[in-house]
Structure formats: C-alpha cells, structure tokens
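All values below come from the heavy atoms of this structure, side chains included, with hydrogens, waters and symmetry mates left out. Chain A is the first sequence line, chain B the second, and so forth, proteins listed ahead of strands; every chain is numbered from 1.
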Amino acid sequence: MLSNVPRAMLPAEEQFRILSDGVAEILPLDEFRAKLERAVRTRTPLRVKLGCDPSRPDLHIGHAVVLEKLRQFQELGHTVIFIIGDFTAMIGDPSGRTKTRPALTLEETQANARSYFEQVGIVLDVARAEIRSNSEWLSRLTFADVIRVAAQVTVSQMLERDDFHQRFNREQPIALHELLYPLAQGLDSVEVRADIELGGTDQRFNFLLARELQKHAGQEPQAIVLMPLLEGTDGVQKMSKSLGNYIALLDPPREMFGKVMSIPDELIVRYYRYATFASAEEARTMEQQLRDGSLHPRDAKALVAERLVARYHGEDAARSAREEFDRMFRHKEVPEEIETIALHLPLSLVEAVVAAGLVPSKSEARRLIAQGGVYVNGERVTDHAAVLARGEHIVKVGKRRFVRIQSV
RNA sequence: GGGCGGGUUCCAGAGCGGUCAAAUGGGGCAGACUGUAAAUCUGCUGGCGUUAUGCCUUCGGAGGUUCGAAUCCUUCCCCGCCCA
C-alpha cells in the first residue's frame, strides 16, 4: 500500500485524474493541467513544495492527508521539496495567543526536523525528496530586501486574509511581523522555484500571495493544491496538536482504534475517505449504507478504525486492537495488557493513583473518587480515605485508564 | 505626544474594599443513558488536607493604604480605539 514504485510520466490526463482525487481545491485549475502536460512533454518533473513547521514534530492523520497527496506526486515522478521553516522558528513569535512560543535554538530545530522526517517517512520516501531550510535564504536578506518585497503587497490585500480581517474587526492586535510571515513563505516558493505548492485549505491566502511574489521575480507562478482539513476527534475543530483532538501517526494501535471509535457519527465517512484513503466510490457506498440503516454506525467506525490501524501498524495489530476494544467496551472486561506499576503498598488510594500517573493531583484524585470514577479490582470505590493493601490491584480511572499496581 | 477603554482562573467574560478560589457561558473531566457517538440530565473543574465556617498560592509586574484588596493609591509593563 505504501509502495514507492515510480509510475513515472504517465500521460498528463492520467496524472491529473490521480492527483485531483480527494483534493479540496486546485487553483488555477487550467494552469495546473498545463504544468502537468508540459512536464510530460518535456520530461521535466514538477517541483512540488511543502512547508513544514519545525516546532511540532508530532504528526497526525490530518497531516497525512497532505503527505499522501505528496506521495502521489512523488510516485508519478515529480520532485518533492520540503521546506523547514527554521528561520521564523529561530526568531520566535512574540505575538498572538501562544505567548510561550520561545525561539528555538539551532539544535532544537534540528532535533525536531529529524523527528519530523522520521514520521514523514511513514508515508513517503524522504530520501528522494529535496529538503531545504528557509534560513538558508531568509537570513541573508537585508532590511532593504525586505522593504522591497513588502512594497509588492498592499495592506488591504493582506487584510483580505480571513484571520487578519477578523482580528482587525474585533480590534484584536495584529503584530506587524505577522503580516511579514506570509511574505517569507512566498519567498520560499520563489527561492525553490516551486511549480506547485501543497497544503491545507487554510493556506490558500499564503499560497496565492506566493504567486504574486513569483510573478514579480519573473517566474511562472505556482499552481496550488489544497487538501481538506480533517476535523479532530471532537468533530468540531480542525485536528491539531494544541487542541488535543488528534490521532498521531505514532499512536499505538489500541489508542488509534479507540480514538476513531470516539469520533462523532457525522465524521465517519470523512475519516473513511481522508484518514484511510478510501476511494470516492467506497465512501459513497458507506454513506448510502449508513443512511439506509444496513450498516450500524458503530460497525462503520470499527471498520474505519481497523483500516486506519492496519495502515500504520499492519493487519495483525488492527485485528487485535479491535478484539481488545470489544473486550474492554462491549464486554466490559479488563484489557489484556496493562501497564504495571510498582509501589510501596500499604498506601492510600489517592496517593497511589497519583503516583501511578493516572491523575495529576491528589485533589483531582479525591474528586474522581467522590464522583464514582475510580474502580479497584472491578469495584467502585467512593471512600476517599480508602487504602490499597499489599498485593496486586487493577485500578481503573474513568472509562479507559487502567493500571496494575503491585507492591514492591 | 494627547484623549478614552482595557489586562481576571484553560478560553470568553462578570466582579470593583470583606459574604471571592472569584458569577455566567464555553471547553475539559466524572457519573447516568448509550454504540467509549450525538443529544440530554447530574456533579466537578488551583493546590494541600487531621474533610474543619481549615491552610497555601492565584485576578499584568513592583510597591503602598487598610484589621482586611481582584477591588483603593503610586509606579512600571502590555493591548485596543480615536486624535496628532
């Protein structure tokens, strides 16, 4: 499934069919097609750019939507260019909601990048990609250079971007350098002479701006391929690490499976299509079956969950994740494998639960006990003064946190 | 530079000398109901606890007034709007 057999230089029409599948938007469409045709005609691979944020090495299945598309470009013989945004990371971003976004050191950026590409490697062939750091060129710009670039864009153009527009109207601060960041991204496209830039739909503005800068630089502007943003497991907001609603590529099978099972029903088909890369046809079928009741939503989710786990961990892991899930939640049994923690045992339940890392503070532990959310060996414990005797105990907190506690 | 309005607990946002660990909503967590879904209902949502109308830390920073401050004063920092 993740093979990298190059299907180099298929006819442009065929490439277009593959590459346009599942995208949210391609702009401008005719330019995109023209580029493909030229690439085939002149046997020159297209240069496909993806920018990456070096501060977040935790990739999730939302990122995979974009990476998978990138993989297709790669398989079709095109050149993938990753751009590590280390320049802005080194400067740090003093603005906005993320107050504590400290400037990263060179070492940190490098470590992040390593971890980033390890994860990218799960989806596509990193060795065949071109990897660049934008500090390479951005750090060399003089102030005069920056002014020259800034002169190419007007303030009202910048304010067209939705989040600037909204903040402006709400009288919320917009720091000047924030307006500069899209320019920096655009310069990346100029520097690597991108034919195509790939990203989520939230990048539309930035990518379009890059086209302007490319034109100013006398280059043919890039075509833009926007992929849908996958909603997080909460079903409301887009998947993101900071919102904690994500399924990481590195999540273990059980975790992955469970997270899929907890998504709202409305998301099932979307996950099927964009997380497990079901074809449009398959997605339509599932949608139909859900509608006419021939497929129970729970089973549909299990199907998606199993398919997702299989994709990243293999069929066997997927099957056992499913069995494990059924055992825990359909049959309310204790999971097969539980982490074991050794403690000096006669210990109050409150302290034990904190020591085992199930809960962050003793107050929280007391709260949970009072609310009936703590079980010891299958029995609900509501006495906050309860003590764990010597021996071995299976402690459950909430619906899914299990731990085996043994005396030392 | 001037005028005005602001900075509160995860977020939004009340509070404007004690009854404030701080209204309300959102989010989160737990419980009930379920399909570990949604909706709904209930409770909780700083820490520590000998569980006591208890103690400690928190309302941009630093000082001060007061028996007592998120609330008053001084000063500093930061943000928004308008004028220049």
Subject >> Inter-nucleotide C1' distance (C20(B), A14(B)), Å rounded >> reply: 12 Å
Original post:
To the nearest Å, how far apart are Glu231(A) CD and A37(B) P?
Top reply: 19 Å
Original post:
Any chance the side chains of Asp188(A) and Gln185(A) put a donor and an acceptor closer than 3.5 Å?
Top reply: no
Original post:
Considering only the P atoms, how many Å lie between C72(B) and G17(B), rounded to the nearest integer?
Top reply: 7 Å
Original post:
In the strands shown, is G25(B) matched to any nucleotide by a Watson-Crick or G-U wobble pair with both distances under 3.5 Å, and which?
Top reply: C11(B)
Subject >> Watson-Crick or G-U counterpart of C72(B), or none if no pair lies under 3.5 Å >> reply: G64(B)
Original post:
Expressed as a whole number of Å, how far does the C1' atom of G2(B) sit from that of U9(B)?
Top reply: 36 Å
**OP:** Any strand is fair game: report the nucleotide pairing with C48(B) by Watson-Crick or G-U wobble, both distances under 3.5 Å, or none.
**Re:** G54(B)
**OP:** Determine the sole option in Gln222(A), Glu31(A), Gln219(A) for which the side-chain hydrogen bond (donor to acceptor under 3.5 Å, both in side chains) test with Arg211(A) is passed.
**Re:** Glu31(A)
Original post:
Within this structure, what is the NE2-to-C1' distance between His296(A) and A38(B), rounded to whole angstrom?
Top reply: 13 Å
**OP:** Check the surroundings of atom NE2 in His331(A): do more than 12 heavy atoms from other residues, nucleotides or ligands lie under 6.0 Å from it?
**Re:** yes
Subject >> Separation between the C1' atoms of A70(B) and C59(B), rounded to whole Å >> reply: 4 Å
Subject >> Who pairs with G80(B) - Watson-Crick or G-U, where each distance is under 3.5 Å >> reply: C4(B)
Original post:
Taking everything shown except Glu339(A) itself, do over 12 heavy atoms lie less than 6.0 Å from its CD?
Top reply: no
**OP:** Give a yes or no on whether a salt bridge exists between Arg47(A) and Glu130(A), defined as a side-chain N under 4.0 angstrom from a carboxylate O.
**Re:** yes
Original post:
Counting side-chain heavy atoms from C-beta on, which of G31(B), G35(B), C29(B) comes nearest to Tyr375(A)?
Top reply: G31(B)
Original post:
Within this structure, what is the OH-to-C1' distance between Tyr272(A) and A37(B), rounded to whole angstrom?
Top reply: 19 Å
Original post:
What does Leu267(A) touch in the nucleic acid at a heavy-atom separation under 4.0 angstrom: a base, only the sugar-phosphate, or nothing?
Top reply: nothing
Subject >> Whole-Å distance separating the CG atom of Leu243(A) from the P atom of G26(B) >> reply: 18 Å
**OP:** Going 5' to 3' through nucleotides 78-84 of chain B, assign each nucleotide B (protein heavy atom under 4.0 Å from a base atom), S (under 4.0 Å only from sugar-phosphate atoms) or - (no protein heavy atom that close).
**Re:** -SSS---
Original post:
Checking all strands, does Gly258(A) fall into the base, sugar-phosphate, or nothing category for heavy-atom contacts under 4.0 angstrom?
Top reply: base
Original post:
Counting only distance, no hydrogens or angles, is the base of G27(B) paired donor-acceptor with the side chain of Asp234(A) under 3.5 Å?
Top reply: no
Subject >> Rounded C1' spacing from C83(B) to U75(B) in Å >> reply: 27 Å
Original post:
Taking protein heavy atoms under 4.0 Å as touching, what does nucleotides 39-55 of chain B look like 5' to 3' if B marks base contact, S marks sugar-phosphate-only contact and - marks none?
Top reply: ----BSS-SBB-B----
**OP:** Sticking with atom P, work out how far U8(B) lies from G80(B), rounded to a whole angstrom.
**Re:** 15 Å
Original post:
Mind checking the C1' distance from G15(B) to U24(B)? Whole angstroms is fine.
Top reply: 11 Å
Original post:
Arg270(A): what forms a salt bridge (Lys or Arg N to Asp or Glu O under 4.0 Å) with it, not counting sequence neighbours?
Top reply: Glu231(A)
Subject >> side-chain hydrogen bond (donor to acceptor under 3.5 Å, both in side chains) contacts touching residues 357-366 of chain A (sequence neighbours left out) >> reply: Glu364(A)-Arg367(A)
Subject >> Test side-chain contact (heavy atoms from CB on, under 4.5 Å) applied to Gln157(A) - qualifying residues, sequence neighbours left out >> reply: Val153(A), Thr154(A), Glu160(A)
Subject >> Whole angstrom value for the distance that separates P of A38(B) from CZ of Arg298(A) >> reply: 15 Å
Original post:
Do other residues, nucleotides or ligands put more than 12 heavy atoms under 6.0 Å from the CZ atom of Arg193(A)?
Top reply: no
**OP:** Name all residues meeting the side-chain contact (heavy atoms from CB on, under 4.5 Å) criterion together with Arg273(A); count only those two or more places apart in sequence or in a different chain, and write none if there are none.
**Re:** Asp21(A), Ala280(A), Ala283(A)
**OP:** Give the rounded distance in Å between these two atoms: CG of Asp265(A) and C1' of G35(B).
**Re:** 8 Å
Original post:
Taking the same atom, P, in G6(B) and in A21(B), what whole-Å distance lies between them?
Top reply: 25 Å
Original post:
Are a donor atom and an acceptor atom from the side chains of Thr109(A) and Asp86(A) found within less than 3.5 Å of each other?
Top reply: no
Subject >> Out of A38(B), C29(B), G35(B), whichever nucleotide has its closest atom nearest the side chain of Leu368(A) >> reply: C29(B)
Original post:
If you find the nucleotide of RNA chain B closest to Met261(A) and the one closest to Arg380(A), which residue's nucleotide is nearer the 5' end?
Top reply: Arg380(A)
**OP:** Just call it for Pro264(A): base, sugar-phosphate, or nothing, with non-hydrogen atoms closer than 4.0 Å on any strand.
**Re:** sugar-phosphate
Original post:
Rounding to a whole Å, what distance do you find between Lys396(A):NZ and G31(B):C1'?
Top reply: 12 Å
Original post:
What is the distance from CD1 of Ile263(A) to P of G35(B), rounded to the nearest Å?
Top reply: 18 Å
